[in-house]
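Contents: one structure, followed by commentary.
Residue numbers begin at 1 in each chain, while the letters A, B, ... track the order of the sequences.
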Protein chains: 2
Amino acid sequence: MTLHSPKKRPSQKPAAPYHHGNLPEALVAATIAIIEERGVEHVSIREAARRAGASPAAPFRHFANKTALLTAVADQAMDRLKNAVEWAIAAAAHEAPLQRLEALGSAYLRWALDNPTHFQIISSRSLIDVASSERIGPANSAIRALMVGMLEEGREDGSLDPDLDIDHVVLMTRAFGYGLARMAIDGHLAEWHPSEPVADAVPKALALFMSLLRPKAR
Amino acid sequence: MTLHSPKKRPSQKPAAPYHHGNLPEALVAATIAIIEERGVEHVSIREAARRAGASPAAPFRHFANKTALLTAVADQAMDRLKNAVEWAIAAAAHEAPLQRLEALGSAYLRWALDNPTHFQIISSRSLIDVASSERIGPANSAIRALMVGMLEEGREDGSLDPDLDIDHVVLMTRAFGYGLARMAIDGHLAEWHPSEPVADAVPKALALFMSLLRPKAR
DNA sequence: CGTCTATGTAATCAGCGATTACTTTTTTGT
DNA sequence: ACAAAAAAGTAATCGCTGATTACATAGACG
């Protein structure tokens with residue numbers, strides 16, 4: 001006890017400094033882990049704080065409430081979905097417009113099935129607050145704009161019936177894709193269509209839908 | 001205090017007998033009221049018990065847990081949806097098969113928009129336990145069977161492309177209808193398609209979808 | 001160096017789902 | 001008719017939750 005440095009904390013491990021360093025990110029990561037382990041309905045602020053090594057009240061310094069925390073998770077998830085979609089479109093850049101639309105739908109559905117918990121969060125409107133997010137609304141608008149562009153192109157080159165109102169085609173397409181993803185993730189699909197594994201039925205349904213969009217042989 | 005009847009309870013009002021009479025039903029009704037007032041995520045067993053005039057523990061004599069209570073609500077809601085759909089089909093009994101399918105879809109969507117809270121409950125797979133319900137699974141199967149019947153009829157009379165696989169058409173149709181209903185109820189539709197009131201967009205999207213199902217002019 | 005601010009904690013509140021032990025009523029068998 | 005059993009209620013309690021308040025500490029910055 002003579003020449004030892006007069007540190008107040010002689011313990012070996014760094015022993016959790018008073019300030020975490022990056023608590024917000026740690027909380028988001030912990031929340032994602034909870035969701036993946038136990039489902040989105042079991043998320044609790046206190047558990048996230050526990051995992052991040054903070055007190056139960058600490059999260060409230062960074063997130064006004066539980067909704068804000070989950071909205072931060074949703075923001076991150078939405079970025080990933082948007083990236084997945086944009087990457088798939090870029091890979092299909094040389095194809096016909098309705099092929100690219102199908103690629104978009106395929107990427108959307110694949111991402112949803114691969115990341116069901118993230119999909120549930122960005123889809124929820126009771127757990128998150130879309131209005132207070134800076135990413136979710138714009139990302140959805142961007143995806144919609146891509147769809148509109150492809151459909152307009154398809155109308156010009158004759159691969160889409162020119163009488164169709166594009167706004168409603170976009171809505172119909174989104175309703176189909178969203179409904180299919182939710183059915184698959186929430187378990188409705190397995191109940192409704194038990195004859196086939198979900199992973200097989202989803203792309204088949206998408207292909208069928210796209211085939212209806214194209215002009216029939218005449 | 002002499003000739004009065006020796007009743008133990010001389011109070012004027014019946015004063016809440018020890019046994020409620022029909023607590024299960026009262027709890028289901030109270031739960032529905034809570035859902036409609038404050039949303040499905042604010043349902044609590046204790047609040048339902050309070051409204052039914054029972055102690056916080058009383059509900060557990062009739063429902064094993066919160067899920068069981070909400071499943072009872074869902075059972076009742078599913079009956080109503082099934083009735084709405086069957087009534088609409090009966091009213092269209094004289095029409096062509098794809099017209100009847102559209103009538104089914106229209107009734108489904110109208111019921112969903114008119115009863116958003118009930119729709120949310122029967123659609124949820126985290127709040128209720130479909131496997132332990134005696135109504136939900138069969139009702140869904142019945143609706144699916146109606147759709148299959150109409151589509152088979154449509155294939156025979158030439159109003160549906162005979163190459164289409166009916167199982168996948170049914171799945172696609174259900175995904176579209178379910179997705180559209182959820183988008184409308186959860187608020188996605190207003191975000192995605194802001195140019196038009198939800199109540200206008202839904203039937204238009206349905207009509208558009210049905211038009212794709214019919215053979216094109218050739 | 002000293003102060004201000006950001007970030008953390010402890011203590012507390014009301015509400016929740018669920019369980020246990022106990023009480024009261026109704027049903028039922030003889 | 002009546003006692004025993006079953007059904008239906010209650011009170012008290014547990015551990016958990018979201019959120020708030022008052023206080024403590026660390027870091028940033030003049």
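- Distance from the side chain of B:Ile45 is smallest for C:dA18 among the nucleotides D:dA19, D:dT10, C:dA18.
- If you take CZ of B:Arg50 and P of D:dA11, they are 14 Å apart, rounded to a whole angstrom.
- Checked against C:dT9, D:dT17, C:dG17, the side chain of B:Lys66 finds its nearest nucleotide in C:dG17.
- If you check the side chains of A:Asp75 and A:Ser133, you find a donor sitting under 3.5 Å from an acceptor.
- Closest to the side chain of A:Asn65, from the set D:dG18, C:dT9, D:dA19, is D:dA19.
- In the set D:dT10, D:dT17, D:dT20, the nucleotide with an atom closest to the side chain of A:Phe60 is D:dT20.
- Rounded to a whole Å, the CZ atom of A:Arg46 is 13 Å from the P atom of C:dT9.
- If you take CZ of B:Phe63 and C1' of D:dA8, they are 14 Å apart, rounded to a whole angstrom.
- Nearest nucleotide to the B:Ser44 side chain, out of D:dT10, D:dT17, C:dG17: C:dG17.
- Checked against the 6.0 Å centroid criterion, the rings of A:His188 and A:His193 do not qualify as a close aromatic pair.
- Rounded to an integer number of Å, the gap from NE2 of B:His42 to P of C:dG15 is 13 Å.
- A straight line from CG of B:Leu27 to P of C:dA18 spans 14 Å, rounded to a whole angstrom.
- Ranking C:dC16, D:dT10, C:dT9 by closeness to the B:Glu47 side chain, first place goes to C:dC16.
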(request) Kindly indicate, with the supporting measurements, whether the criterion salt bridge (Lys or Arg N to Asp or Glu O under 4.0 Å) is fulfilled by B:Arg110 and B:Asp114. (result) CA-CA 6 Å; B:Arg110 201 167 32 240; B:Asp114 286 349; 5.4 Å; no
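- The minimum heavy-atom distance between B:Ile45 and B:Phe60, with the atom names listed, is CD1-CZ, 3.7 Å.
- Between B:Leu23 atom CG and C:dT24 atom C1' the separation is 15 Å, expressed in whole Å.
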(request) I would like to know whether A:Val198 and A:Val202 meet side-chain contact (heavy atoms from CB on, under 4.5 Å); could you show each step before the answer? (result) CA-CA 6 Å; A:Val198 169; A:Val202 166; 4.1 Å; yes
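- Taking a 4.0 Å limit (strictly below) on heavy-atom distances, residues 120-133 of chain A does not reach DNA chain D anywhere.
- Between the side chains of A:His118 and A:Gln76, no donor-acceptor pair of N or O atoms lies under 3.5 Å.
- By the 4.0 Å N-to-carboxylate-O rule, A:Glu37 lies close enough to A:Arg51 to be salt-bridged with it.
- Following rounding to the nearest Å, B:Ile34 (CD1) and C:dC16 (C1') show an atom-to-atom distance of 13 Å.
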